[in-house]
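Everything quoted here is computed from the prediction, not taken from an experiment.
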Amino acid sequence: MRLELTKRGDYAVRAMLALARGSGNGLLSARRISDAMDIPVRFLPQVLSDLQRGGLVEAAPGRAGGYRLARDAADISLLDVIETVEGDTRRQSCVLRGGPCGLDGTCDVHDVFFEGQEALRQEFARATLAQLAGPRQTGEGD
């Protein structure tokens, strides 16, 4: 079983973490975000544009312009960021048959997979940028 983001999703999460860490310091330029999070600068404007259209980022044009979060980092979830750039994350096809679920009934593992999917989405919805961008807690296994 895989759990992966596209490059666009990866860059969006990293850019939002940079903005969350920089909140309170004014605007961050695309170059600063790129440098801080090791995101190719040529892709960043596209990702930031998606985030802006999704209402997560505000942009100020011009030489002294840049980007900032449109809402408080505590009010933006990891799920908000991912679904803004990747779309609805819910699986649309049967895990066993590969086609749309429910066309000819549901497979034997349908309920288990979809409950697991919803649990994962709820976990992503609970994780806020403020939590993720804060100081890392070290513990056993780190």
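Nearest heavy-atom pair, Ala133 versus Ala20, reported as atom, atom and distance to 0.1 Å: CB-CB, 3.7 Å. In this structure, Ala30 and Leu44 approach most closely via the heavy-atom pair O-CD2, 3.1 Å.
Although no hydrogens or angles enter the test, the distance criterion places a donor-acceptor pair under 3.5 Å between the side chain of Glu86 and the main chain of Thr6. Looking at Ser34, its side chain does come within 3.5 Å of a backbone N or O of Ile39 through a donor-acceptor pair. One N or O on the side chain of Arg14 and one on the backbone of Asp38 form a donor-acceptor pair closer than 3.5 Å. Between the Asp80 side chain and the Ser77 main chain, a donor and an acceptor come within less than 3.5 Å of each other.
The CG atom of Leu51 sits 12.5 Å away from the CD atom of Glu58 when rounded to the nearest 0.5 Å. Expressed to the nearest 0.5 Å, how far OG1 of Thr84 lies from CD of Gln52 amounts to 12.5 Å. How far CD of Glu123 is from CG of Leu79: 11.0 Å, rounded to the nearest 0.5 Å. How far CG of Leu129 is from CZ of Arg71: 9.0 Å, rounded to the nearest 0.5 Å. Rounded to the nearest 0.5 angstrom, Glu83 CD and Leu78 CG are separated by 10.0 Å. Distance CG/Leu48 to CG/Leu56: 11.0 Å, rounded to 0.5 Å.
In this structure the side chain of Met16 reaches within 4.5 angstrom of the side chain of Val57, judged on heavy atoms. The closest side-chain heavy-atom distance from Arg126 to Gln131 is not below 4.5 Å.
Taken together through direct or relayed side-chain contacts under 4.5 Å among Ile, Leu, Val, Met, Phe, Trp and Tyr, Tyr67 and Val41 form parts of separate hydrophobic clusters. Linking Ile, Leu, Val, Met, Phe, Trp and Tyr residues whenever their side-chain heavy atoms come within less than 4.5 Å leaves Ile76 and Leu27 in two separate clusters.
Only one option out of Ile82, Leu132, Val47 pairs with Val13 in a side chain to side chain contact (heavy atoms under 4.5 Å, CB included); it is Ile82. Just one of Arg32, Arg31, Met37 meets the side chain to side chain contact (heavy atoms under 4.5 Å, CB included) condition when paired with Asp35; it is Arg31.
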Apply side-chain contact (heavy atoms from CB on, under 4.5 Å) to residues Tyr11 and Arg8 and explain how you reach the verdict. CA-CA 5 Å; Tyr11 296 157; Arg8 193 177 209 90; 5.8 Å; no
